[in-house]
Student: 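This is the structure I want to talk about, given as C-alpha cells.
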Amino acid sequence: MVLFLAGLGLGLAGGVAGAVLPRSARLPAAALGGATASVVAFIAAARVLVSGHVATAASGSVLPFSGVRLTLDPLGALFVATTAAVGLAASCFSVGYEAHGPKSRVTTATLPLFLTSLLLVPVAASVTTFMVAWELMALTSLVLLLTDHRRRAEARAAAQWYAAMTHLGAAAILLGLVLLAAHAGGQSFAVIAAHARAMPAAVRSVAFVLVLVGFASKAGAVPLHVWLPRAHSEAPSPASALMSGAMVNLGIYGIVRVGGVLLGGTVLWWWLVVAAIGVLSALFGAVHAAASSDLKRLLAYSTIDNMGLVLVGVGAAGALVATGHRTLADLAMVAALFHLVNHAVFKGCLFLGAGAIQHATGTRDLDRLGGLVHRVPVTAGLVGVGALSIIGLPPFNGFASEWLLLQGFLRGFGDPSAATMTVSLVGVATLALTGGLTAAAFVKALGIGLLGQPRSDGAARAREVAPSMLAGMAVLAAGCVAVGVVPGAVVPALRRAAQLGLGLTAGSPSPIRSGMSLDLAGLRGAIEPALLLGALLVGMAVVWGGARLVAQRSPYRSARRAEAWGCGRELQTARMEYTATSFAEPLQRVFADVLRPDHDVEVTHAVESRFFPQAVRYHRRVDDAIERSAYRPVIRLVSAWGALARRVPNGSTNRYLAYGFVALVVVLVVLA
Amino acid sequence: MTAMPGAVGLEMRVAASTVQVVAVVVGGPLLLGLMAKVRARAEGRIGAPVHQVLVDLRKLARKERVRAEHASGVHAAAPIVLVAAAAVAVAMAPLVTTTPVLGHSADVFVVVYLLLMGTVALALAGLDPGTAFGGMGASRAMTIGAIAEPALLVALLALSLQARTSNLPAIVAATLAHPAWTASPERLLALVALVVVVLAETGRIPVDNPTTHLELTMIHEAMVLEYAGPELGLVTLGGAMRLGLLFGLVANLFFPWGIAAPASPMALLVGLVVLAGKAAAIAVAVALVEVSTAKLRLFRVPELLAGGFVLAVLAVVTGLVTR
C-alpha cells in the first residue's frame, strides 16, 4: 500500500511540476511523473493480484469530517494495473505530442492529475473517498477536453455535453451510494457490504438502478453514450487514450463493485438490465463504427461496442450468480474482465496511433488520409497491430478474449432457466455480429487510412512522429502481442478479481486450465495461441519459400511495377480512389434503419441546357439517431424554457421593484 | 465418445494433417474445375477439363510478377497470409481424420477467425493499390463478410452445443457416436444456414459470380484485380483451399461416415477417398444450383445472409428447446 501511495504521490508531483516549472522542463517533468506513477502503481497492483492480499490505508485528516479510506483488493488492483499500463504509454506519448501540439500549461499539468485520479477511483473504499476521486476524474478530464477550445467549436460543444452527462451521472451515483450508506449506518464500503443483506429489497434495487445510470453513462452504454464519441474524439490523444482505455472501464468497475461486491448481486433482473444495455451498446457502437469516416469517432464508437460486450459478459455472469450457478458465472466474469483489459490495451494503442496520424498529417478524416504506410511505416505498423487485435485475429489479444467471452456465453446454456439462456443466446449472436462489423470498420480504417494513395496534401507530406510517441504506442502494441500469445499468464490474476466480484470463495476450482493454452472443462474447448502462431509462421514461411523457388526458376527475375488498371483510363489519381465514405456505403445501406443517414445530392445544371449537369455535390451525414430523437427534444424544451425566463429580467428598475413588491405580498399572504 | 487425445501418435497426426493439406491443395482446384465442368455440361457445352484450374495455376506460376504502382508490402504479403491461414485451418480441421495435429485447439472460433484472417488480408490488398475497383471489391467483400462470418460462427455453435464441445474434430467424432443427431431439427437448420454462408464465403452464385468480367458486378474479382502471375496463382489457390475446406467441413459435420477416427494408414486412405466423394457430390449440387439461379442484386445479398444468420440462431434455439 505504501508503494501505491508513493505512486499517487509521484502522479501529483508530476502535476505540480507541470504547473510550476519553467517552459522547457515542464513537459518532461510532468510526463516523468505520470510514467513513474504508472510503473509504481502497476507494481503495487501486480503484487496484490499475484498474492491476493488486500492492503488498506485510512486517514482521518486528509478530508475534513469524513477522512479517506483506501483499499487495494484484487478487483481494484486489476483496474489499477490496466490504467497504469495505458497511463505509462500515454505519458510517454505526451512528451512528443505536446511538444509540437498546442502548448498549454494547463493541459501539461492536468494529464498526470487525471491519471492519478484514475488510479485513485478503484481503491476508494468509502462513499466520500469514492465520490471525491470520481469528481476529480471528471473535472480533470473536462479540463483536458477543453485544451483546444479556442480553435475548435466542436471541442466546446463536446465539453458541454460531457460536463452535463458526467455530472448527471455523478449525481445519480451519489444518490444511490448515500441511500445505501444511510441504510447501512456507515459510509465505508465494508460497512455497506456487511449490512446490504438486511436492507429492504426496494432500497437495494433503487440504489442499484441509480448507480447503474451513473456508471453505465461513464462506460458509454447506450442510450447514455452521447457524450462519448464527442469527448473521446475532441480530447488531445493521450487524454483520449486514457479516457477510452481507462476511464470507461471504471464504469464497469462501479457496476461490479456496487452490484456484485456491496449488494451481493442476487437479483436477477438487475443483471438482465445490464446485459440488455450491453447488447444495445455493442450493436449500436459496431454499426456506427462501421459507418464513421472520422478516425477518432470510429474508435470512440468502437469503445461503445466493446464496453457493450463487456457489459453483456458481466450481465451474463450476474444472471448466473442470481440463479445460483456461481461456478458457471466464473468463466463469463473472467472473460468480461479479460476483454476489458485487452480493450484498454488495443484501444489505447489505437487512440495514440490516431493522435500520431493527426500529428503527422493534420487531419483525422479518413477521406483525406491514405498512403501512410509509405510515408510513416512505423506508425502505420503499430496502428496495424492495434487494429488487427481489435478485429480479433489470432494470435493477437482480442482473439483470446473474444473466444473466452464466447465460451462464457456457451457455459450459460448449462443453466436451464429461460432468463440466463436468453442472455447467453443473445450474447453469442451479439458477439458474432459485432465481430463481423468490427472487421469491416477496421479494414476501412487500415485500408483507407494507411494504404493506397494519399488523398490530401497533408497525407502526402506526412513525417514520422517523435520517438517518444512511437515508444508510447509500442508499449501497448507489444502488450497486444504478448497477452495474445500467452493469455494464460494473465488469467490467474483475472480470476482473482472475478472471484471477488462474484463473491466466490478463494480456492474454488477454476474452470480454466491456463498455461500456454487455455483449456476449458465442462463444455470442452481449448485454444493454443502460441502453437497457432507457430503454425501460421511455418505456413507463411513455406508459402513464401515456395513462391521464391518458383520465382527463381522463371525467366523474370524481379517484380515489375506497372500502372494499376483504370478501366481503360490513362491516369489514376487519388481522386478516383475509394474513400471511407464510399467503403462504408453498402453497410450503411444495410443498416439504414439504425443509422438514419441524411443524404443530399445537389446538381447544378449548365447554363446552356439543363440536360447537362455542371457540378454534382454529394453530402452525407450520419447523426446519432438516439441523440436526435431522445436528447434534442429535451434540449429544445430546456432552451425554450431558458429563453422564456430571460424575458423576466429586462433591465427595467421599475419592473424589479414590482417583482420585489409582489414577492413581499406573497410572503405576507403565505405567512398570514 | 470423443477423440481421445494422446491415443494417436504424433507422427500419425502429422501425417494425417499433411494428407489433409495436400488433399485440399490439389482437391480444391479440382472441385473448382468440376463445378465449371458440370455448369458447362448443363448449359450444353463441353467445357474445360476438370484439371483446368491446376493447369492455370502452373501457367500463372511461370508468368512475370507485375505489381501495381502504389502498392505496398501488404499487397505482396496478403496472398501468402491467405494461403497460410487456409492451410493451418485445413491442417487442424476434421477432413480426412478426426485426429489431426493441432486438433486440440481446432475450436470452431479458431477456424472461423482463420478464415476471417484471409478475408481481411485480401480486403486490405484490394485497398492497397489505391484504385477504384479494388476499393469497391474490398468494400463489398467486407459487407458480405460482416454478415456471413457471424452466421458461420453461430451455425457451427449450434452443432457444438449438441456435442457439448466447441472443438470441431470432437464434434465430428461425437456425431459418429450418435448417428441420430444428423437428422435432428437443429442440425438441419444449421445445415441450411451453413450452405448459405458457404456460398457467400466461396463467392458463388447467387452471392457473387466467379466468372464475371463486368467490373461493376464483381466482388472477389474486383478485389484481386491488381494481382498477376504467381501472386494471382496464390490468390486462386487460397480461394480454392477455402472452398475445399468449407465443402469438406459441411460434408463431415452432417455426414461424418468414412472419416478416419482415429487415424491409421488404411483409415486415412479410406477417409481421403470418401472425403473426395462427399466434396465432389456437394460441388455437383452447388454447380447445378448455380446453373439454375440468377445472381442476386448486391443489396439483396445481405437479406439472404441475414436469413442465414436467423436460421443459425434458430438452430441454437431449437437445440436448447428440444434438449
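Residue numbering restarts at 1 for every chain, and letters A, B, ... go by the order of the sequence lines. A quick note: this is a predicted structure, and the numbers were derived from the prediction, not measured.
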Student: Does R368(A), at its CZ atom, have more than 12 non-hydrogen atoms belonging to other residues, nucleotides or ligands within less than 6.0 Å?
Tutor: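 Open.
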Student: Is the shortest heavy-atom distance from the side chain of L127(B) to the side chain of L446(A) under 4.5 Å?
Tutor: no
Student: Give, as side chain, backbone, both or neither, the part of V590(A) having an atom under 4.5 angstrom from any heavy atom of chain B.
Tutor: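 Only the side chain of V590(A) comes within 4.5 Å of chain B.
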Student: Between H374(A) and S72(B), what is the shortest heavy-atom contact and its length?
Tutor: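 It is CE1-CB, 3.5 Å.
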Student: What part of L433(A) lies closer than 4.5 angstrom to a heavy atom of chain B: side chain, backbone, both or neither?
Tutor: both
Student: Main chain of E64(B), side chain of R560(A): is a donor-acceptor contact present, judged purely on distance under 3.5 Å?
Tutor: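 Not at all, since once roles are kept as given, no pair shorter than 3.5 Å links the two residues.
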Student: Counting only non-hydrogen atoms closer than 4.5 Å, does V110(B) touch chain A with its backbone (N, CA, C, O), its side chain (CB onward), both, or neither?
Tutor: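 The answer is both parts of V110(B).
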Student: Identify which of L153(B), T131(B), V108(B) forms the greatest number of heavy-atom pairs closer than 4.5 Å to chain A.
Tutor: T131(B)
Student: Measure distances from I147(B) to the heavy atoms of chain A and classify the residue's part below 4.5 Å as side chain, backbone, both or neither.
Tutor: side chain
Student: So which atom in A429(A) and which in V313(B) form the shortest heavy-atom distance, rounded to 0.1 Å?
Tutor: CB-CG2, 4.4 Å
Student: Let's test your reading of the structure: which of V120(B), V316(B), V83(B) forms the most heavy-atom pairs below 4.5 Å with chain A?
Tutor: V120(B)
Student: Are the side chains of M92(B) and L532(A) in touch, meaning some heavy atoms are under 4.5 Å apart?
Tutor: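 Yes. Closest side-chain heavy atoms under 4.5 Å.
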Student: So for A574(A), is it side chain, backbone, both, or neither that comes closer than 4.5 Å to the heavy atoms of chain B?
Tutor: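 No part of A574(A) comes within 4.5 Å of chain B.
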Student: Judged by atom type as modelled, is there a donor-acceptor pair below 3.5 Å linking the side chain of H104(B) to the main-chain atoms of I527(A)?
Tutor: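 Not a single qualifying donor-acceptor pair exists.
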Student: Would you name the heavy atoms of L437(A) and A146(B) that are closest together and state the gap between them?
Tutor: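 Where L437(A) meets A146(B) most closely, the heavy atoms are N-CB, 4.1 Å.
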Student: Considering only heavy atoms and a distance below 4.5 Å, find which of L124(B), N167(B), V112(B) pairs most often with chain A.
Tutor: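 Between L124(B), N167(B), V112(B), the count favours L124(B).
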Student: Chain B: which of I391(A), I448(A), V373(A) shares the most heavy-atom pairs with it under 4.5 Å?
Tutor: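 Greatest number of close heavy-atom pairs with chain B: I391(A).
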Student: Below 4.5 Å from any heavy atom of chain A, which atoms of I80(B) appear? Answer side chain, backbone, both or neither.
Tutor: both
Student: Enter the distance from F583(A):CZ to M136(B):CE here, rounded to the nearest 0.5 Å.
Tutor: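 Atom-to-atom, F583(A):CZ and M136(B):CE are 12.5 Å apart.
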Student: Distance-only, no hydrogens or angles: does the R561(A) side chain make a donor-acceptor pair with backbone N or O of E69(B) under 3.5 Å?
Tutor: yes
Student: Do you know which of P377(A), A290(A), P394(A) has the most heavy-atom pairs with chain B at a distance under 4.5 angstrom?
Tutor: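 Max contact count across the listed options: P394(A).
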Student: Where do V550(A) and A61(B) come nearest, in terms of heavy atoms and distance?
Tutor: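 The pair with the smallest heavy-atom distance is CG1-O, 3.2 Å.
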Student: For a quick check under 3.5 Å, do E585(A) and S139(B) share a side-chain donor-acceptor pair by atom type?
Tutor: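 No, because no side-chain N or O of E585(A) sits under 3.5 Å from a partner of the opposite role on S139(B).
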Student: Is there a donor-acceptor contact under 3.5 Å from the side chain of E226(B) to the main chain of W565(A)?
Tutor: yes
Student: Examine whether an atom of L234(B) lies under 4.5 Å from a heavy atom of chain A, and if so say whether it belongs to the side chain, the backbone or both; otherwise answer neither.
Tutor: side chain
Student: Begin from the C-alpha positions of M117(B) and L388(A) and carry the test side chain to side chain contact (heavy atoms under 4.5 Å, CB included) through to its verdict.
Tutor: CA-CA 9 Å; M117(B) 194 178 210; L388(A) 294 181; over 6 Å; no
Student: Could you check which of L451(A), T434(A), T438(A), L431(A) has the highest count of heavy-atom pairs closer than 4.5 Å to chain B?
Tutor: L451(A)
Student: Looking only at heavy atoms and a cut-off of under 4.5 Å, which of A84(B), A91(B), G134(B) has the most pairs with chain A?
Tutor: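 Most heavy-atom pairs within the cutoff with chain A belong to A84(B).
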Student: Measure F299(B) against the heavy atoms of chain A and call it side chain, backbone, both or neither at under 4.5 Å.
Tutor: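 Interface part for F299(B): side chain.
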Student: What part of A71(B) gets closer than 4.5 Å to chain A, counting heavy atoms only: side chain, backbone, both or neither?
Tutor: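 Contact with chain A: backbone and side chain both.
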Student: For A138(B), which atoms come within 4.5 Å of any heavy atom of chain A: side chain, backbone, both, or neither?
Tutor: both
Student: Report the distance from atom OG1 of T143(B) to atom CZ of F591(A), rounding to the nearest 0.5 Å.
Tutor: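 So the gap between those two atoms works out to 9.5 Å.
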Student: Report yes if the distance between the aromatic ring centroids of F399(A) and F109(B) is under 6.0 Å, otherwise no.
Tutor: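 Centroid distance F399(A)-F109(B): below 6.0 Å, so yes.
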Student: Between G130(B) and E577(A), what is the shortest heavy-atom contact and its length?
Tutor: O-CG, 2.9 Å
Student: Counting heavy-atom pairs under 4.5 Å to chain A, which of D107(B), V81(B), V88(B) comes out on top?
Tutor: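 When all of D107(B), V81(B), V88(B) are compared, D107(B) has the most.
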Student: Need one label for L587(A): side chain, backbone, both or neither, based on atoms under 4.5 Å from any heavy atom in chain B.
Tutor: both
Student: Pick one of side chain, backbone, both or neither for V74(B), based on which atoms fall under 4.5 Å of a heavy atom in chain A.
Tutor: side chain
Student: Counting only heavy atoms closer than 4.5 Å, note whether L450(A) contacts chain B via side chain, backbone, both or neither.
Tutor: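 It is neither, since no heavy atom gets under 4.5 Å.
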